Amino acid sequence: MSGHTYKIIELVGSSKNTVEDAVKNALSKASESLRNSRWFEVTQIRGEIENNEVAYWQVVLKLGFNIDGTQRKTDTGETVKKESGGQTDVSGKYRCKVCGYIYDPQKGDPDNGINPGTSFKDLPNDWKCPECGVNKDQFEEMREGS
Ligand code: FE
């Protein structure tokens with residue numbers, strides 16, 4: 001894994017059948033909103049009992065996805081300072097709650113056809129985080145000091 005940078009999120013999956021199915025259910029749900037998933041690690045396995053039988057398997061897993069090719073940091077406070085040249089101007093900026101990517105309307109997202117000067121609200125509904133691929137609803141407006 002050396003030379004690559006990953007962001008890790010935690011998922012919980014469940015299945016009536018097997019632990020493996022619980023993992024697959026979690027991964028398939030995650031694939032709807034995440035791309036560049038690379039590996040997972042099951043950290044917890046538990047079950048729910050009904051009538052002395054296993055009613056549900058539940059797994060907690062860490063999912064790593066690739067964020068190579070970015071200089072951005074998950075420490076968003078630091079990123080804001082860098083991007084705004086030491087000022088605290090965060091007006092119009094939105095942050096991805098999943099990976100920390102910051103959408104800056106002054107820069108737009110030219111790689112994905114978004115011109116500089118496009119406000120977050122004017123982004124098309126099918127626009128996705130360029131880093132982790134989640135939808136717009138996973139973004140939060142940034143405020144001073146955040
Ligand atoms: Fe993201």
Side-chain angles (χ1 to χ4, degrees), residues 1-48 55-146:
M1 278 184 243
S2 64
H4 296 284
T5 306
Y6 297 91
K7 173 85 178 170
I8 297 173
I9 62 169
E10 216 163 34
L11 299 170
V12 181
S14 64
S15 165
K16 286 183 176 181
N17 301 316
T18 64
V19 169
E20 197 177 329
D21 279 347
V23 171
K24 287 178 179 172
N25 287 342
L27 293 180
S28 80
K29 193 69 193 167
S31 71
E32 292 174 10
S33 57
L34 289 173
R35 61 189 179 195
N36 297 329
S37 298
R38 287 292 178 267
W39 50 265
F40 68 89
E41 174 188 357
V42 175
T43 54
Q44 296 174 39
I45 300 174
R46 68 175 73 91
E48 187 184 331
Y56 274 98
W57 291 98
Q58 189 184 72
V59 296
V60 179
L61 52 93
K62 288 179 179 172
L63 175 71
F65 58 93
N66 200 327
I67 53 170
D68 282 351
T70 174
Q71 301 293 315
R72 296 180 191 93
K73 302 199 169 170
T74 51
D75 179 348
T76 46
E78 195 177 341
T79 308
V80 173
K81 278 179 199 154
K82 261 184 202 159
E83 291 192 348
S84 58
Q87 298 163 10
T88 52
D89 178 22
V90 295
S91 57
K93 291 182 181 176
Y94 279 70
R95 176 170 48 212
C96 175
K97 288 187 277 189
V98 175
C99 75
Y101 167 83
I102 292 168
Y103 178 77
D104 181 349
Q106 290 184 1
K107 294 176 184 167
D109 179 16
D111 291 346
N112 294 295
I114 306 297
N115 292 327
T118 305
S119 74
F120 185 81
K121 289 185 170 65
D122 288 338
L123 290 171
N125 285 331
D126 60 357
W127 181 83
K128 297 190 188 317
C129 175
E131 296 301 335
C132 73
V134 299
N135 294 325
K136 278 177 74 178
D137 60 7
Q138 295 299 307
F139 279 70
E140 61 188 357
E141 188 172 7
M142 295 183 69
R143 310 209 175 268
E144 274 190 35
S146 69

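The residues of the chain are indexed from 1 along the displayed sequence. It should be emphasised that the depicted structure is a prediction, and the values quoted were computed from it without experimental measurement.
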Using only heavy-atom distances, determine whether the side chains of Asn115 and Thr118 contain a donor-acceptor pair under 3.5 Å.
no

Residues Tyr94 and Lys121: closest non-hydrogen pair is OH-NZ, 3.1 Å

For Gly92 and Pro105, which heavy atoms make the closest approach, and how far apart are they?
O-CD, 3.2 Å

If you count the non-hydrogen atoms of other residues, nucleotides and ligands that lie under 6.0 Å from CG in Asn125, is the total more than 12?
no

Test of understanding: with salt bridge (Lys or Arg N to Asp or Glu O under 4.0 Å), list the residues that count as partners of Lys24, not counting sequence neighbours.
Glu20

Residue pair Val19 / Trp57: nearest heavy atoms and the distance that separates them
CG2-CE3, 3.4 Å

Can you find a heavy atom in the side chain of Asn112 that is under 4.5 Å from one in the side chain of Pro130?
yes

Does Lys62 have any salt bridge (Lys or Arg N to Asp or Glu O under 4.0 Å) partners at least two apart in sequence or in another chain, and if so, which?
none

Looking only at the aromatic ring of each residue, does the gap between the centers of Phe139 and Phe120 stay below 6.0 angstrom?
yes

Take Phe40 and Leu11 through the test side-chain contact (heavy atoms from CB on, under 4.5 Å) and record every step on the way to the result.
CA-CA 10 Å; Phe40 68 89; Leu11 299 170; over 6 Å; no

Are any side-chain N or O atoms of Asn25 and backbone N or O atoms of Ser14, one a donor and one an acceptor, separated by less than 3.5 Å?
yes

Heavy-atom closest pair, residues Asn135 and Lys128:
OD1-NZ, 2.6 Å

Atom pair CZ (Arg143) and OG (Ser91), whose distance is rounded to the nearest 0.5 Å:
11.5 Å

Output for pair (Ile102 CD1, Cys129 SG), nearest 0.5 Å, gives 11.0 Å

Which value, rounded to the nearest 0.5 Å, describes the distance between Ser28 atom OG and Asp21 atom CG?
10.0 Å

Taking all non-hydrogen atoms of both residues into account, name the closest pair between Pro124 and Lys136 and its distance.
O-CD, 3.4 Å

CG-CD1 distance between Leu61 and Ile45, expressed to the nearest 0.5 angstrom
10.0 Å

Might you work through the side-chain contact (heavy atoms from CB on, under 4.5 Å) test for Glu131 and Asn36, ending with a clear yes or no?
CA-CA 9 Å; Glu131 296 301 335; Asn36 297 329; over 6 Å; no

If you draw a 6.0 Å radius around NZ in Lys97, do more than 12 non-hydrogen atoms from other residues or ligands fall strictly inside?
yes

Looking at every non-hydrogen atom in both residues, tell me the closest pair between Tyr103 and Leu123 and how far apart they are.
OH-CD2, 3.7 Å

One should read off an interatomic distance between Asp104 CG and Lys93 NZ, to the nearest 0.5 angstrom, of 4.5 Å

Separation between CG of Leu63 and CD of Glu10, rounded to the nearest 0.5 Å:
11.0 Å

State, yes or no, whether a side-chain contact exists between Trp39 and Ile8 at a heavy-atom distance under 4.5 Å.
yes

